[in-house]
Amino acid sequence: GKTSGSDIYSDVFKADGRNMIGVCVSNKAASKLEAESGMPCKSVAKALSLLDRNMMTLTDKDVLVIDEAGMIDADQTRRLLSYAQIGGAKVILQGDEMQLQPIGAGSGMALAKVAVDDVQLTEIRRQKNAEDRMIAGLFYSRGPDGSIKHHKKGEKSRSETLLHGKAIFDALEARGCIDDYDTRDQAIDALVEDYMSSGASVDQRLVLGSTRKDVRDLNEKIRSAMASAGIVDSSAVSVSVVNKSDKYFIDLSPGDRIAFTKNDEKGLGVVNGDSGTLLSVEKGKSGGYDM
């Protein structure tokens, strides 16, 4: 719904001679939005840096689209709105404040709604099956007229929250969406088997773990299964990885997918969040590896 809606307003603004500019919470999200919408997009941090240094300006011919605005904190939202107001640009904040919350303080989208009100997409169409749409609808509280009710923190009691959660869980279980296992190892093995048998592309599969150990064990078992299936080369080299304060070793071989966690636009041409597939590994002259 959001993508279809944004396609329409984008066409209208472009026909009026306006420039569409997108900003997102991360570089990866900006790359995705740019590919989908065709408008130039930057991360919020990059856009604010350019605006602060006068390397980017907003005018009355610009429309600034802040995507996933519910994940952007109050200060960043205020700064973007201030630059837009100075230049006379129009701003569209789109997102869902009931989803992931900002890392920084306050929700800029929630505060903006108090000032200018909002329009909501409440009809769920993503799920093709009626039972699945019904379950998706259970995640929202609705008033007598069917409109979505936004609860402030502390408005719902713990017992109300638990009853709401139980209704969702019962509906998922009745629909056959939940599998139960006796042990952690059984659950991990079944999840790896489901992952490997999925017909979806790798970037459309999602595996979640509740602890770092769960994630590490899942990664290792999925990688081992991929090696057995010939997707990842069975030969491997051990590589030291430094990620912020963490230092550890991982095995890498042709076929492995790698996530980049640091910007290196001039050297490797990557930004934080990009991923790639390792094509070859060779022993380097300096003692390391060329990849």
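Because the structure is a prediction, the values reported are computed rather than measured.
Between Ser107 and Gly70 the shortest heavy-atom distance is OG-O, 4.5 Å. When all heavy atoms of Met196 and Ile222 are compared, the pair lying nearest together is SD-O, 4.3 Å. Here the closest non-hydrogen pair linking Ala236 and Asp251 is CB-CB, 4.0 Å. The shortest heavy-atom contact between Ala69 and Met109 is O-CB, 3.8 Å. The minimum heavy-atom distance between Arg257 and Ser275, with the atom names listed, is NH2-OG, 3.7 Å. Shown here for Ser210 and Asp214, the closest heavy-atom pair between the two residues is OG-OD2, 3.2 Å.
With a 6.0 Å radius and a threshold of 12 heavy atoms from other residues, nucleotides or ligands, Lys90 has its NZ atom at or below the threshold. By the 6.0 Å contact criterion, CD on Glu160 is enclosed, its count of non-hydrogen atoms from other residues, nucleotides or ligands being greater than 12.
Partners of Asp16 under the side chain to side chain contact (heavy atoms under 4.5 Å, CB included) rule, at least two apart in sequence or in another chain, are Arg18. For Ser49, the side chain to side chain contact (heavy atoms under 4.5 Å, CB included) partners two or more places apart in sequence, or in a different chain, are Arg53. The side chain to side chain donor-acceptor pair (under 3.5 Å) check on Asp52 picks up Arg79, Tyr83, with sequence neighbours excluded. For Ala259, the side chain to side chain contact (heavy atoms under 4.5 Å, CB included) criterion is met by no residue, not counting sequence neighbours.
Between atom CG of residue Asp132 and atom CG of residue Leu172 there is a gap of 9.0 Å, rounded to the nearest 0.5 Å. Going from atom CE of Met20 over to atom CD1 of Ile92 covers 5.5 Å, rounded to the nearest 0.5 Å. Between the OG1 atom in Thr211 and the CZ atom in Arg184 there is a gap of 6.0 Å [rounded to 0.5 Å]. Distance CG/Asn19 to CG/Leu64: 11.5 Å, rounded to 0.5 Å. Remark: Leu218 CG to Asp189 CG distance equals 9.5 Å, nearest 0.5 Å. Taking CG of Leu51 as the reference point, atom OG of Ser82 lies at 10.5 Å (rounded to 0.5 Å).
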Exercise. Let me see the working for Arg78 and Asp75 under salt bridge (Lys or Arg N to Asp or Glu O under 4.0 Å), right down to the final yes or no.
Key: CA-CA 5 Å; Arg78 177 195 61 78; Asp75 182 58; 2.9 Å; yes
Quiz item: Would Val63 and Tyr9 count as a side chain to side chain contact (heavy atoms under 4.5 Å, CB included) if you check the C-alpha gap in whole Å, the side-chain angles of each, and the deciding distance to 0.1 Å?
Solution: CA-CA 10 Å; Val63 178; Tyr9 72 64; 5.6 Å; no
Practice problem: Report the C-alpha separation of Arg158 and Leu162 in whole Å, then their side-chain angles, then the decisive distance to 0.1 Å, and conclude whether the side chain to side chain contact (heavy atoms under 4.5 Å, CB included) test is met. | Solution: CA-CA 6 Å; Arg158 175 171 169 76; Leu162 289 172; 4.0 Å; yes
Exercise. Take Glu34 and Lys42 through the side chain to side chain contact (heavy atoms under 4.5 Å, CB included) test and state the conclusion after the steps.
Key: CA-CA 9 Å; Glu34 185 165 320; Lys42 296 177 177 62; over 6 Å; no
Practice problem: Kindly indicate, with the supporting measurements, whether the criterion side chain to side chain contact (heavy atoms under 4.5 Å, CB included) is fulfilled by Leu93 and Thr77. | Solution: CA-CA 9 Å; Leu93 292 97; Thr77 306; 3.9 Å; yes
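By the criterion of side-chain heavy atoms lying less than 4.5 angstrom apart, applied directly or through intervening Ile, Leu, Val, Met, Phe, Trp or Tyr residues, Val207 is grouped together with Val232 in one hydrophobic cluster. Note on Met55 and Val44: same hydrophobic cluster, where clusters join Ile, Leu, Val, Met, Phe, Trp and Tyr whose side-chain heavy atoms are under 4.5 Å apart, directly or indirectly. Cluster annotation: Leu111 and Val25 are assigned to distinct hydrophobic clusters (Ile/Leu/Val/Met/Phe/Trp/Tyr, side-chain heavy-atom contacts under 4.5 Å, transitive). Under the 4.5 Å side-chain heavy-atom criterion for grouping Ile, Leu, Val, Met, Phe, Trp and Tyr, Phe139 is connected to Phe169 within one hydrophobic cluster. Leu58 is not connected to Ile86 by any chain of hydrophobic side-chain contacts under 4.5 Å among Ile, Leu, Val, Met, Phe, Trp and Tyr, and they are in different clusters.
A heavy-atom distance below 4.5 Å is not found between the side chains of Cys24 and Glu68. Looking only at side-chain heavy atoms (C-beta outward), Ile21 and Met56 come within less than 4.5 Å of each other. Put simply, the side chain of Val91 does not reach to within 4.5 Å of the side chain of Leu80, judged on heavy atoms. Residues Gln94 and Ser6 have side chains in contact (heavy-atom distance under 4.5 Å, counting atoms from C-beta outward).
Thr183 and Asp185 are not linked by any side-chain donor-acceptor pair at a separation below 3.5 angstrom, with hydrogens and angles left out of the test.
A distance-only check finds a donor-acceptor pair linking the side chain of Gln186 to the backbone of Asp182 [under 3.5 Å]. Side chain of Ser253 to backbone of Ser234: no donor-acceptor contact under 3.5 angstrom is found. In terms of modelled atom types and a separation under 3.5 Å, the side chain of Asp62 and the main chain of Thr59 share a donor-acceptor contact. Listed for the Gln204 side chain is no donor-acceptor partner under 3.5 Å among the backbone atoms of Ser201.
Annotation: side chain to side chain donor-acceptor pair (under 3.5 Å) contacts involving residues 190-200, sequence neighbours excluded, are absent.
Through chains of ILVMFWY side-chain contacts below 4.5 Å, Met291 is grouped with Val237, Val239, Val241, Tyr248, Ile250, Leu252, Ile258, Leu278, Val281, Tyr289.
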